[in-house]
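One-based numbering, in listed order, for ligands and for the atoms of each.
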Amino acid sequence: MSGPFESRWRDLAVRRLNIAPGQAVLEIGCGTGHGLIKLAEATGTAGRVYGVDLAAGMCRVARARVTRSGLMQASVIQGAAAALPCATGCFTAVFMSFTLELFGGAAAARVLSECRRVLGADGRLGVVSLERRGRDTLITRAYDWAGQRFPEWIDCHPIPVADLLSGNGFRPIDMIQGAIGGLPVAVVIAQKIGL
Ligand SMILES: C[S@@+](CC[C@H](N)C(=O)[O-])C[C@H]1O[C@@H](n2cnc3c(N)ncnc32)[C@H](O)[C@@H]1O
């Protein structure tokens, strides 16, 4: 249901990640695979794109979308963000769209540590996420209330995206802020620091 609102932000984030033909890219929480298609178009046939998702159903739908697209450079693997089924240092870029905000505190740190592990030196991370910033508004308060009352329906918790990345071994190099239906959203592109 939220697809039409989120796709504009997801596509913008893929563009700002500046993926070049031939690069290897991982999407964590690839969902139904819309982001994978954009990433695979950017890498071209010389590149490789892997989508990881915890949910078997999401993987099934994403695989079907990739097959229909004919973009043979993309594939989907079922797995967990906190223990990625990927070798160390094998990606140029990692992408997450409306996924990092599913993880709170220590779990988010664990996911970002996995992102660092699978990225090569100078690897880039692109995140698009609901953002916690500034003063609460009526809409953000209503969203927080709904998240506490109906956690099985509202499982995203807006996060201070750039600060979270800075605190977990990444240097933000590009940021765009906006809103979806009054809820703050941010695209942050960050560089891996160190090895
Ligand atoms: C809100 S959806 C976003 C999907 C997609 N990135 C998009 O922008 O449309 C979050 C996705 O993260 C996946 N997910 C949730 N927890 C996960 C975990 N621990 N490891 C990997 N994927 C996870 C869900 O199955 C879901 O597909």
Is the contact between Thr32 and ligand 1 made by the side chain, the backbone, both, or neither, using heavy atoms and a 4.0 Å cut-off? neither
Examine the proximity of ligand 1 to Glu27 and report which part, side chain or backbone, both or neither, has a heavy atom under 4.0 Å away. side chain
Going by the order shown, which atoms of ligand 1 are within less than 4.0 Å of some heavy atom of [X]?
X: Leu102; result: 10 (C), 12 (O), 15 (C)
X: Thr99; result: 3 (C), 6 (N), 10 (C), 11 (C), 12 (O)
X: Phe103; result: 17 (C), 18 (C), 19 (N)
X: Ala55; result: 25 (O)
X: Ala80; result: 20 (N)

With the threshold set at under 4.0 angstrom, would you say Gly79 reaches ligand 1 through any of its heavy atoms? yes
Return a yes/no value for Val52: is any of its N or O atoms, backbone included, closer than 3.5 angstrom to an N or O of ligand 1?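 For ligand 1, there is no N or O atom that lies under 3.5 Å from one belonging to Val52.
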Could you say whether the N/O atoms of Leu54 and ligand 1 ever approach to under 3.5 Å?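 Yes.
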Can Arg135 and Thr140 be counted as having a side-chain donor-acceptor contact under 3.5 angstrom? no
Quick one: pull up [atom1] in [X] and [atom2] in [Y] and give me the separation to the nearest 0.5 Å.
X: Thr92; Y: Arg48; atom1: OG1; atom2: CZ; result: 13.0 Å
X: Phe98; Y: Ile180; atom1: CZ; atom2: CD1; result: 4.0 Å
X: Trp9; Y: Ser97; atom1: CH2; atom2: OG; result: 12.0 Å
X: Phe95; Y: Ile19; atom1: CZ; atom2: CD1; result: 8.0 Å

What protein heavy atom lies closest to [atom]? Include the residue and the distance to one decimal.
atom: atom 20 (N) of ligand 1; answer: Ala81 N, 2.9 Å
atom: atom 2 (S) of ligand 1; answer: Phe98 O, 3.9 Å
atom: atom 25 (O) of ligand 1; answer: Asp53 OD1, 2.6 Å
atom: atom 4 (C) of ligand 1; answer: Gly29 O, 3.4 Å
atom: atom 3 (C) of ligand 1; answer: Ser97 O, 3.5 Å

Run through Val128, Leu39, Val187 and flag the one making a side chain to side chain contact (heavy atoms under 4.5 Å, CB included) with Val14. Leu39
Look at atom [atom1] of [X] and say whether more than 12 heavy atoms of other residues, nucleotides or ligands are closer to it than 6.0 Å.
X: Lys192; atom1: NZ; value: yes
X: Arg117; atom1: CZ; value: yes
X: Arg16; atom1: CZ; value: no

Quick one: does any side-chain atom of Arg116 pair with a main-chain N or O of Gly169 as donor and acceptor, under 3.5 Å? yes
So between His34, Glu6, Arg10, whose heavy atom ends up nearest atom 9 (O) of ligand 1?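 Heavy atom nearest to atom 9 (O) of ligand 1 belongs to Arg10.
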